[in-house]
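Contents: one structure, followed by commentary.
As the structure is a prediction and not an experimental result, all values here were calculated from the model.
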Amino acid sequence: MHWADFTAERLRDERGEQQVACSGITPSGEFHIGHLREILSAEMIHRACLDAGLDSRYIFIVDSMDPLRRVYSFLSPEYERYIGCPLAFIPAPDSNGNPDPEAGSYADHFLTPFLEALGQIGVFPEVIMNHETYSNGEFAAKIHSTIEQADAIREIIESISGRELDENWFPYKPLGSDGSMDGVTVTGYENPFVHWTDRHGKSGSADIRKADGKLPWRIDWAARWGIHGVTCEPAGKDHGAAGGSFDTGLPICRLLGSEPPSKMVYEWIQVKGAGPMSSSSGNTIGPVEALSLVPPEIVRYLIAGSKMNRHIDFDTGSALFQMADEYERLVANPPDSEEEGLSKRQKVAAVTNRGAMKFSQLERGADPADSLGGVSFRHLSMLAQIKSSDEDVWTSMRASGHLTGEPNESLSQRLTRMRNWIGSIHFPEDARIHIHKSISAEARAEISEEQRIFLSSLAEELAESDWSEQAIGTTIREVAPACGIGGREAYIALYWALLGRNHGPKASALLFEIGRESVIALLSS
RNA sequence: GGGCCUGUAGCUUAGUCAGGUAGAGCGCCGGGCUUUUAACCCGGUGGCCGGGGGUUCGAAUCCCCCCAGGCCCGCCA
């Protein structure tokens, strides 16, 4: 069974009909591909719950109340003054990394393009800005309860995480007079006010019913589970480590009177050969960039087709072909778990693969067959290289029976993405079609005397023939027997001359695109 | 130091939770398609399931030990 369906069943057993799947991300910088695993893992479980007939919501909590930790490399030193301030309350950077008072909040700045990217992969979560949950008072009861039980919470964190908390530790961090929570000391609590003194010597009171401060991360996480009734929140393996925030969150959540989701941990995505992704290291391929290159179903399939506990190497090179092949093969020929003679393990595999296919669809319940667009990813990569205009691609596809009528929106976008990929540094060199200017020594060594004569005869004939794909094809097939070789031999010779290989995309189409003069120059060389 | 994950064919891996004769794709090799869009179709090659012990009628699967690799343990998905 697919992991998402399996999880949905477990959730029903644990928590019943009402399910809330949740993701949480801090918008501290550019979002990266790794965040998609957080999002998609939860979203697929949500879909699986719906498929299982459960009443499920999928919420995306943006940690907009989290403070700016430090001045990241893409920020100007001016951000120094905002360290410790909630991301929702500080200005977004402009293109030079300087704070731009006109550009809205820092949190929104990074969140907006990410949400747009999510839409492209069919993810439409209920977005909850955590600072709003503070400002509208929803956190107040949990904060009060936290402060009342501060000693017990301290005991949980110290014993489970092994960390020793400072003597002045207080389980609520008020914002000081400058809006930062750094250097603020709590001096007392009178519900609903937390009194404080900041590093400038000023003092004040934070209202726990407002966004005047926040709970420390480990408590914040545990508290929100209760506030939103979260029943499932897959977390990155950093949170999953022994003594990590998941382990402390479970008892804290119960202490605050709610039932936590059970622990669920996923492995990280890495850029092939480049170590873990991180928003601040600059080692990123943004979801926005990735989705400009890769079909959205394939991005979903990357996650849906991998078990949660496995690393994923995100490879925007030749592995994309393999992944697309795999997906297309699966969709074209869905495995049937009811088939006679399958062993138990083959049945399991069949059901799992069908699940992966199901969760890869942009729209829940859509027919996977509709996602193919009539042409394989590999094939499209060739057409896009051979044909410079989109219209010629469609013409070619109509001629080959891959397309009838006008291309739909999805196919059209596939071509656009393909062209982006081909034009990017990610496109694998060995998939790139390099047209030779003259016949290489290697090619000469590979072809026979008859084939050589064929090539020069072809050059002569093409000088006279009509310049259309069809006429070129006809000429090739006429010239070949005249030189005493079969069609196969003729094409092999042609591919050696054109590409330095013994096979390739449709030769007449290639020649047509190259142009008469270049072709004749090449074949006569 | 504490912990997690991974190790199955040349490569990517399924199967491990619920033990029952090792599956797939890519690659490679061979054949077919007598107009060859890296296509498509057919066939083949290829694995002491990291190593060792144990439980069992039976172990890739469960238990123990070891080896190797990756990662987490301040914020980070």
Taking atom [atom2] of [N] as reference, at what distance in whole Å does atom [atom1] of [X] sit?
X: A/Q470; N: B/U37; atom1: CD; atom2: P; result: 14 Å
X: A/Y327; N: B/A24; atom1: OH; atom2: C1'; result: 19 Å
X: A/I269; N: B/A77; atom1: CD1; atom2: C1'; result: 9 Å
X: A/Q322; N: B/U12; atom1: CD; atom2: P; result: 10 Å
X: A/D325; N: B/A24; atom1: CG; atom2: P; result: 18 Å
X: A/E469; N: B/U36; atom1: CD; atom2: C1'; result: 14 Å
X: A/E267; N: B/U6; atom1: CD; atom2: P; result: 8 Å
X: A/K506; N: B/U35; atom1: NZ; atom2: C1'; result: 8 Å

Return the nucleotide paired to [N]: Watson-Crick means purine N1 to pyrimidine N3 with N6-O4 or O6-N4, wobble means G-U with N1-O2 and O6-N3, both under 3.5 Å.
N: B/A14; value: none
N: B/G7; value: B/C67
N: B/U35; value: none
N: B/G43; value: B/C29
N: B/C49; value: none
N: B/G20; value: B/C57

Which part of the nucleic acid does [X] contact within heavy-atom distance under 4.0 Å: base, sugar-phosphate only, or nothing?
X: A/L383; answer: base
X: A/S396; answer: base
X: A/A349; answer: sugar-phosphate
X: A/G162; answer: nothing
X: A/I476; answer: nothing
X: A/I433; answer: base

Can you identify which nucleotide, out of [options], has its nearest atom closest to the [X] side chain?
X: A/W217; options: B/C75, B/A38, B/C72; answer: B/C75
X: A/H35; options: B/A77, B/C17, B/A38; answer: B/A77
X: A/I492; options: B/C75, B/U36, B/A38; answer: B/U36
X: A/R329; options: B/G25, B/C75, B/C76; answer: B/G25
X: A/R163; options: B/U37, B/C75, B/U6; answer: B/C75
X: A/R310; options: B/A38, B/U6, B/C75; answer: B/U6
X: A/K237; options: B/C76, B/U36, B/C72; answer: B/C72

>> With a 4.0 Å cut-off on N to O distance, would you call A/R310 and A/E267 a salt bridge?
In response: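 Salt bridge flag = no for A/E267 with A/R310.
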>> Please determine whether a side-chain nitrogen of the Lys or Arg among A/D390 and A/R419 lies less than 4.0 Å from a carboxylate oxygen of the Asp or Glu.
In response: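 Yes, charged N to carboxylate O under 4.0 Å.
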>> Any non-hydrogen side-chain atom of A/V331 less than 4.5 Å from a side-chain atom of A/Y301?
In response: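 Side-chain contact under 4.5 Å: no.
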> Donor-acceptor pair under 3.5 Å: do we get one between A/H379's side chain and the base of B/U37?
Replying inline: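 Per atom types, the contact qualifies.
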Within the structure, does a side-chain N or O atom of [X] lie under 4.0 Å from either OP1 or OP2 of [N]?
X: A/R477; N: B/U34; result: no
X: A/H311; N: B/G70; result: no
X: A/W3; N: B/C17; result: no
X: A/N309; N: B/U6; result: yes
X: A/R378; N: B/C26; result: no
X: A/K307; N: B/G15; result: yes
X: A/S23; N: B/A77; result: no

> Taking all atoms of both residues into account, what is the closest heavy-atom pair of A/K214 and A/W217, and its distance?
Replying inline: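 Closest pair (atom of A/K214, atom of A/W217, distance): NZ-N, 4.2 Å.
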>> Using modelled atom types and a 3.5 Å cut-off, is there a donor and acceptor pairing between side-chain atoms of A/H2 and backbone atoms of A/A304?
In response: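 Yes; judged by distance alone, with no hydrogens or angles, the pair exists.
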> Can you check whether A/I472's main-chain N or O pairs, donor with acceptor, with A/R477's side chain at less than 3.5 Å?
Replying inline: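 Answer holds: no.
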> Can A/Y266 be classed as stacking with the base of B/A77, given a centroid separation cut-off of 5.5 Å and a plane angle cut-off of 30°?
Replying inline: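 It does not: the two rings, one from A/Y266 and one from B/A77, miss the stacking criterion.
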> Does the pair A/D220 and A/R224 meet the rule for a salt bridge (charged side-chain N to carboxylate O under 4.0 Å, His left out), with working shown?
Replying inline: CA-CA 6 Å; A/D220 181 303; A/R224 73 170 71 159; 2.8 Å; yes
> Side chains of A/E289 and A/H426: is there a donor and an acceptor less than 3.5 Å apart?
Replying inline: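 Checked: A/E289/A/H426 side chains pair up, N/O donor to acceptor below 3.5 Å.
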